[in-house]
Structure formats: structure tokens, C-alpha cells
There are 2 protein chains.
Amino acid sequence: METNLSRPESVFAIDCVILGFDEGELKTLLVKRNEEPFKDYWTLPGCLVVDQYESIDAAAARVLYSLTGLEGAYMEQFYTYADVVRHADGRVVSVAYYAMVRLEDTRQSQLIASYTRNAAWVPVAEIAGLAFDHMIILEKVLKKVRRKVLYHPIAFELLPVKFTLTQLQNLYEVILNKKLDKRNFRKKILHYRILKDLNEKQKDVSYRAAKLFKFDKKKYVAMSENDNLIPALSEGEGVAV
Amino acid sequence: METNLSRPESVFAIDCVILGFDEGELKTLLVKRNEEPFKDYWTLPGCLVVDQYESIDAAAARVLYSLTGLEGAYMEQFYTYADVVRHADGRVVSVAYYAMVRLEDTRQSQLIASYTRNAAWVPVAEIAGLAFDHMIILEKVLKKVRRKVLYHPIAFELLPVKFTLTQLQNLYEVILNKKLDKRNFRKKILHYRILKDLNEKQKDVSYRAAKLFKFDKKKYVAMSENDNLIPALSEGEGVAV
DNA sequence: ATATAGTGTGTATTAATTACCCTAAATACT
DNA sequence: AGTATTTAGGGTAATTAATACACACTATAT
């Protein structure tokens, strides 16, 4: 149903929850504002999209790239908000995305971004409040990721390409905020046959080195032709009946 | 990251996939266009949102109400699209919603809407193409609903308030496009304890009348305080390993 | 050589999933 | 009244998945 509006125009904003895993913590990349409103508050990184020919996905990718130098990381459109008035003379609809990045890949460029734009990786557990409605967006993303991680292998996007089973388990424990049983976790994840044993071991650890694995995307895609689903990785998923 | 744009303005569109279940089929409410482009094509119902103070959700609810007379039906924001140019002089970002409605509730008003606006309930299985990118939106919604129905009780939104187990099973079979075993289905759904046995039977059927149940929302919410999840209702969920 | 820190493994129990068919009940028809 | 028709409703055995649980091994550092 369209009315005849003289000059419909799409000016909209992107907000981006960029998640990373570092030092046993889930972190997100925040930017400090230096103008009102919310001067000196942390915000989710974002941008205004004015160009009529830039797609939403491209704009979100641009935000990610400008802060981290990364291209091709896992990104997904998430939710669209229109309730926040940012500018005195009108609201801007904003489309939220979330991205999952390997922090190791961002080292150099992230430092640059941090220097010029006052950006920082902040452990999500320590974030108490953000500008605008960004805290709500962040919490909603975390809720979604906690669920999605149970049936879709997005968690691997946060780990180094080569990882140990313990690292993987730690990541799941942090995301789900819950301890998992080591033997059961290993049994389960190995039964899915979505990991490739690299026949390599960790180096430079001061204890017994663990075997390295990588996520076997080919096998995974072949297995789940339709839907890209894996069964629940967590214990006690679902409702107790 | 905001630039200083002189007059940011949110003009955006809503598109709405309205699903119903009728005569054993999943149907969606479509509207026939009577102007170019895509004259005489079916489209998803929608509207342009010009009012700076109408929320996205309210606009979506307005679309639903204007076509069906329904308020308070299940609706969920779904995905946002910006790639479609509808007006020669600029694209309009459009936010897609889907709604699940009880077709029985719409009988009168739907006829009115149908008369004035050339709207019709069309079985989704028979829809081959739609105007704009609406076919893509519809397919994506169906994919989402097929998945969501496995862990969230949205299917009940499509059934009459009082229903039989056979009706419920038929609905699942239609949504999932797959036969389910009667005994296993009943065992499972009853074990969840989210149905209330009404101790009533069907009337005016020309065979043995079945017991009527209703969805027990209170019990359901109590059970799944956190997440509103129910385990999989389908057989063979997940990846075969 | 010894302390330290993390790796890697198996089994028994319980719960969930699957495959599989016949009798009971209500109405329609003659 | 009797019979045909149509759908409702229920149980069990076999398989598979989920859980709870503890100790010996290995590599390095001192």
C-alpha cells in the first residue's frame, strides 16, 4: 500500500554489535561519543547511510571495516529500531547488526581505530550502560547469540582458526554463562564430525600441549544441506518437563 | 558515528506477511496492485510510514488492522530491506513483519477489506511470484516459521482457541511439510503440559467427536521463565549424525 | 627429580526418540 | 436395529542421546 509521497528518501542509521573473545572474556567494540547528546558515553559503533545506492549490508560492513580493518567477518542483520530520536529535528530509523570477529585478526588495525576514534574492546560483563538505546540492543544481541550458538556454529567465528577443545569449551561456557562437563562436551562435539583434527599441537605452552582442531565448514555444510543446524551443544537445553 | 545531516527524516515502508491456517492449508493475505510498477501483481500488504511519531510496531499493527480488523494478534518484526527501488526518485527502506492470525476471527472484516482493497487469502503453496522482492520475503518468513514452530508455541496462534490434537498435528504437518506419527506426537505434546484439557468435545462432526484442548499460556510461561522454549516438536530435528 | 598445570579418556544410569496397529466411539445410511 | 464409515485414542519395545562422575598421563619449569 503506497501513498504518493513526493520525495521519499531513505536516510537511516546502522548500529553494530561487534563481538570478540579475548582473555577468556566476551568483548564488544565500543566508541566514545564526544558530542551531545550522551557526550562521553560509550555507544555501539555505527554510521548514517545517506547514499541512496549503498545497501544496508554494505553499510554495516563499512562500519566493521572502518573500525577493525576486517572484511568478510560473520555479520548478520539483527533488528530495526525507530523509537530513538537522535536529532532534534527528526528520528532516524536504525538497523542493528551484529558481527563475530577473531580478535587476533584485528590487532594492528584495531589499534589505529582505537587511536583515532576512541574505540575500545570492552568485556560485555562490565558494561553497565550505553548511550541511546544501545544497552537494550546489546542485551538483545547477547540473548540471540546465546541461543543461536546452540544450533549454529557461529561460535567458531570468535576463535582462532586453529583451536583446542578446551578453548572451544571455554568459549561456550563464557557465552552460555554456565559450566560444561569436559568429557560430555568433547564426546558431543566430536560426534558431530564438524571438527577437523589437524594432527598438530599447541606450541609455547608451559604444560602438556593440546591437540589443535579447526572447524570443518565443508563437512558441516554437507551434513546440514538445508538448514545449517547442529543439535544443542549445551546440557540442559529446553524446558525441563 | 553520526555526521551532521541537515534534515534526517525517516520515511520507511512496512511489509507484512500475514499467515493463517484454513481448510488444511497455510495461507497468506495478499493485495493486488493496481498501479505501475507491477500492476496487477500480488504484493504483501504494507504501508508507508511518514508520521515521525508512529513507531514501526504501531505501523505494522495498523497494516494488520486495516486488512483484518484484528488487534493484538501475534506479530514479530522480521527483517529490513533496502534494495528495492519502488519510486523513481529514491529507494525506501522497508521493514518486514510477519503475523500469525486466527482466520476464524477475521471473517467479517476480511470480507470488507477484500471488497475494497482487492485482498485475498492465498495458499502459500500456490504462490509462484509476487511484486517487488516480496516472494523472497515470504520464503524467508516461511523458513523462519518452520524453524520457530519447533521451539516456540507460535503455531497455536493459527488455530481456534479450542482445538483437537488432530487439528494441531495437521497444522504442524502443514507447516513442516512432513507427516508426523500420531501416537508419538500426542505423547510428546501432552508431556510438555502446555495444553489444557477442556473436558469438552467437538460438536457437529459426523464421526466420533474428539476432545478439545486449549494452549495453556500461564503454564507455558511459568515453565520457561527465561526463554519461552519448548523442545522440538518434530521428529528428526537437527542433523543426523 | 619433582612440582605444576592442563590434557585426555570410559562407563553406567536415565531420559528421549522412534517405529509400529488395532479397538472404541460416534454418526450416517438402509 | 443393524451395518458401514470415519476418526479418536492409546502402549511397548528398541534405539539413541544425555547425564553424572574421577583419575592417570604428559609436557614443561625449577
Quiz item: A/K182 side-chain donor-acceptor pair to C/dG8 base, under 3.5 Å
yes
A/N184 atom CG is separated from C/dT9 atom P, nearest whole Å, by 14 Å
With sequence neighbours left out, what residues match A/Y41 under ring-ring contact (aromatic ring centres under 6.0 Å, His included)?
A/F38
Go through the structure and list residues passing side chain to side chain contact (heavy atoms under 4.5 Å, CB included) with B/E71, not counting sequence neighbours.
B/Y65
With the side chain of B/D181 defined as its heavy atoms from C-beta on, choose the nearest nucleotide among C/dG10, C/dC20, D/dA8.
C/dC20
Could you state the CG-C1' distance from B/L180 to C/dC20, rounded to the nearest angstrom?
15 Å
Given atom CG of B/L168 and atom P of D/dA8, what is their separation to the nearest angstrom?
13 Å
Report the distance from atom NZ of B/K178 to atom P of C/dT18, rounded to the nearest whole Å.
8 Å
Atom NZ of B/K188 to atom P of D/dG11: distance rounded to whole Å?
19 Å
Verify side chain to side chain contact (heavy atoms under 4.5 Å, CB included) between B/L29 and B/L64, making sure each step is shown before the conclusion.
CA-CA 10 Å; B/L29 190 49; B/L64 179 64; over 6 Å; no
Measure CD/A/Q167 against C1'/C/dG8 and give the value in whole Å, please.
15 Å
From CG of B/L190 across to P of D/dG11 the rounded distance in Å is 12 Å
Does B/T166 have a side-chain nitrogen or oxygen under 4.0 Å from the phosphate oxygens OP1 or OP2 of D/dA8?
yes
Does NZ or CZ of B/K144 come closer than 6.0 Å to the centre of the six-membered ring of B/Y98, within 45° of the ring's axis?
no
Provide, to the nearest angstrom, the distance between the CD1 atom belonging to A/I189 and the C1' atom belonging to D/dA17.
15 Å
Checking all strands, does A/K187 fall into the base, sugar-phosphate, or nothing category for heavy-atom contacts under 4.0 angstrom?
base
Are B/K211 and B/L165 side-chain neighbours, meaning at least one heavy-atom pair lies under 4.5 Å?
no
Passes salt bridge (Lys or Arg N to Asp or Glu O under 4.0 Å), B/K178 versus B/E173? Steps please.
CA-CA 5 Å; B/K178 148 199 238 181; B/E173 288 179 341; over 6 Å; no
Write down the protein N/O and nucleotide N/O pairs, taken from nucleotides 24-29 of chain D, whose separation is under 3.5 Å; answer none if there are no such pairs.
{"unit_1": "D/dC25", "atom_1": "O2", "unit_2": "A/R208", "atom_2": "NH1", "d": "2.9"}
{"unit_1": "D/dT26", "atom_1": "O4'", "unit_2": "A/R208", "atom_2": "NE", "d": "3.4"}

Donor-acceptor pair, distance only, cut-off 3.5 Å: does the side chain of A/R186 make one with the backbone of A/D181?
no
Does D/dG9 have OP1 or OP2 under 4.0 Å away from a side-chain N or O of B/R186?
yes
